Amino acid sequence: MRRHVVVVGGGVTGLAAAHRLAAAGAAAPAVALVEATGRLGGRVRTATVAGRVVDTGPEALLTRPSWAVDEVERAGLGGDLVAPAPLPSLVFAAGALRPLPAGVLAGMPAGPAPLLRSRILSPAGVARAGFDLVLPQRRREQDESIGALVRRRLGDEMLERVIDPLLGGIHAGSCDALSVRAVAPQLAAASRHRGGLVRGLRAGAAQAPKPAPGAPPRPFMLGMRGGLARLAQALAAGLPEGVAVRTGAAVQTLARRDGRWELRLDGADAVRCDAVVLAVPAPVAARLLTAAAPVAAAELAPVVTASVAVVTAAVAPAGEARLPQATGFLVAPPERRTITAATFTTRKWPHLARDGEPGLLRLSVGSAGDQSALELGDADLATAALDDLRRITGVGLDVAEVQVTRHRGAFPQYEVGHLERLARLDAALADLPGLRLAGSSYRGAGVPACIHQGHEAADAVLAHLQDDDRPRAERAGLTLRGAVT
């Protein structure tokens with residue numbers, strides 16, 4: 001009898017898992033994908049602003065590791081990947097916009113000369129960062145925050161003006177709370193180098209895989225014509241005809257009954273299956289696991305999440321022309337009022353630029369340390385963000401159109417001890433056959449990491465089903481019941 005698997009969550013993680021399960025050939029189970037909202041894709045979203053489709057969620061795919069790029073190419077969209085313009089990025093620190101130092105390696109400058117030229121750090125800050133070369137190595141067996149490591153080795157200015165805008169900004173959090181082992185393992189590894197943190201990073205970069213001889217280097221990140229939502233759409237459209245997809249139906253309960261899993265959905269009968277992939281945020285997973293795995297639920301419940309908003313604005317060409325010649329800027333935490341970052345979208349992604357038409361901007365609002373701006377209504381939030389942009393750049397902008405996209409609870413915070421939490425979570429779930437967790441709450445929050453986790457969860461489920469030696473008699477009556485269509 002054919003086995004049945006339910007994937008809960010229709011973001012890129014769940015879509016990748018469903019795709020992998022359904023593509024398993026003769027071993028493929030019957031697959032159902034259920035999503036609580038009315039759309040698939042999760043945080044991957046697009047909107048049409050000034051006649052152009054732009055990303056209002058993630059806007060780029062990291063190319064190393066190549067998990068997401070490989071998925072794009074399998075979906076037949078590789079020809080639509082585009083590189084960002086070769087323009088500098090800036091940081092608003094110490095009251096001015098300054099270029100990010102050249103040779104940034106995993107969020108760390110390659111040496112003192114680029115730092116001095118950028119003037120991000122004061123002379124005293126550069127001198128303090130130089131102590132890294134002579135400070136004794138201190139081995140740590142326990143996890144610590146990125147902030148604790150960087151402050152100890154390189155000083156406060158390096159953290160607040162360079163590292164936190166980069167790594168903290170990516171995760172909508174604070175480096176003083178984020179785990180160095182979970183968020184920046186390259187920093188954790190480099191910290192064990194006898195020559196200091198920066199030398200350790202250089203050594204790690206030297207050991208990184210190099211392009212094949214004659215092959216052009218791949219950009220650090222890539223965008224997509226028409227927006228990254230096309231990848232989610234391609235994954236959904238590419239699901240085999242037999243995969244049952246239901247949107248607008250939240251799972252209310254999850255229980256283990258008679259050797260199988262039982263899910264109850266909004267407005268539907270119970271759904272019974274042999275395995276479940278929970279591709280949902282940690283708070284949702286904690287609620288669903290309360291009865292079946294209370295220890296696991298207790299590990300997931302404290303996971304902190306941050307909400308953010310993206311303000312997309314179309315501005316008059318004359319104003320856009322006066323903005324700095326850069327892809328955008330990050331805002332150092334001490335300088336923040338409303339926005340944490342700004343992207344000059346039609347500068348960064350030239351394929352979106354049109355002569356004589358409005359330029360496009362993207363402003364990011366909200367972090368784990370400050371959610372106050374998100375309490376504003378859309379109109380007031382957009383006004384506050386644009387006012388902050390004018391404060392930082394000194395450029396007045398005539399706004400032709402603006403849209404606000406909110407991502408609630410979208411950024412899990414990998415706080416100190418996150419990997420230890422995952423180990424305890426794995427142990428708590430070890431005796432629950434056919435249950436896998438995947439998604440941004442666990443082992444990477446970006447689109448590539450989520451795709452990879454979806455694949456890993458699917459592979460684990462397939463291995464479990466193949467190893468399950470229950471008698472065929474127990475496999476009778478495996479029809480997926482309920483209104484899953």
Side-chain angles (χ1 to χ4, degrees), residues 8-9 11-14 17 42-43 139-150 164 167-168 170-189 191-192 251 254 256 276-308 367-369 371 407-457 459-461:
V8 183
V12 291
T13 308
R43 286 199 302 116
R139 286 191 172 275
R140 289 185 61 91
E141 299 301 326
Q142 295 181 335
D143 194 11
E144 64 178 327
S145 71
I146 298 170
L149 171 60
V150 175
D164 213 356
L167 295 181
I170 289 170
H171 294 271
S174 167
C175 282
D176 282 323
L178 295 173
S179 159
V180 68
R181 291 184 178 178
V183 173
Q186 73 278 15
L187 289 181
S191 70
R192 296 187 287 272
V251 177
L254 172 66
R256 184 80 176 158
V276 177
V277 176
L278 287 182
V280 294
V284 179
R287 174 179 62 80
L288 293 176
L289 291 173
T290 299
V295 175
E299 289 289 350
L300 291 170
V303 173
V304 175
T305 61
S307 299
V308 300
S367 68
Q371 302 274 275
H407 298 274
R408 301 186 187 280
F411 285 84
Q413 300 298 293
Y414 293 0
E415 296 184 338
V416 174
H418 181 75
L419 296 185
E420 290 78 1
R421 181 192 301 278
L422 292 183
R424 294 192 301 269
L425 181 63
D426 289 343
L429 297 175
D431 294 331
L432 293 175
L435 177 66
R436 290 294 182 273
L437 305 185
S440 62
S441 293
Y442 309 107
R443 292 177 169 84
V447 171
C450 286
I451 288 173
H452 183 61
Q453 289 179 75
H455 289 166
E456 286 193 321
D459 291 343
V461 163

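The structure displayed is predicted, hence computed values, not measured ones.
The side-chain hydrogen bond (donor to acceptor under 3.5 Å, both in side chains) search around R192 returns none, not counting sequence neighbours. For Q453, there are no side-chain hydrogen bond (donor to acceptor under 3.5 Å, both in side chains) partners at least two apart in sequence or on another chain. Contacts of H407 classified as ring-ring contact (aromatic ring centres under 6.0 Å, His included), with partners at least two apart in sequence or in another chain: none. Residues meeting the salt bridge (charged side-chain N to carboxylate O under 4.0 Å, His left out) test with D143, sequence neighbours left out: none. Taking the side-chain hydrogen bond (donor to acceptor under 3.5 Å, both in side chains) definition, one finds that H455 meets it with R20, E71, sequence neighbours left out. In this structure, S440 has no side-chain hydrogen bond (donor to acceptor under 3.5 Å, both in side chains) partners at least two apart in sequence or on a different chain. Here F411 pairs with nothing under the ring-ring contact (aromatic ring centres under 6.0 Å, His included) rule; sequence neighbours left out. Contacts of L149 classified as side chain to side chain contact (heavy atoms under 4.5 Å, CB included), with partners at least two apart in sequence or in another chain: E144, R152, R153, V180, L187, S191, L197. Listed by chain and residue number, Q252, V284 satisfy the side chain to side chain contact (heavy atoms under 4.5 Å, CB included) test with R287 (two or more places apart in sequence, or in another chain). For R43, there are no salt bridge (charged side-chain N to carboxylate O under 4.0 Å, His left out) partners at least two apart in sequence or on another chain.
Within the structure, ring pair (Phe, Tyr, Trp, His ring centres under 6.0 Å) pairs that include any residue of residues 422-454 comprise W67-H452 (at least two apart or interchain).
Residues V303 and P412 come closest through the heavy atom pair CG1-CB, 4.4 Å.
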Could you give the side-chain donor-acceptor pairs of residues 426-433 under 3.5 Å, partners two or more places apart or in another chain?
{"unit_1": "D426", "atom_1": "OD2", "unit_2": "R443", "atom_2": "NH2", "d": "2.8"}

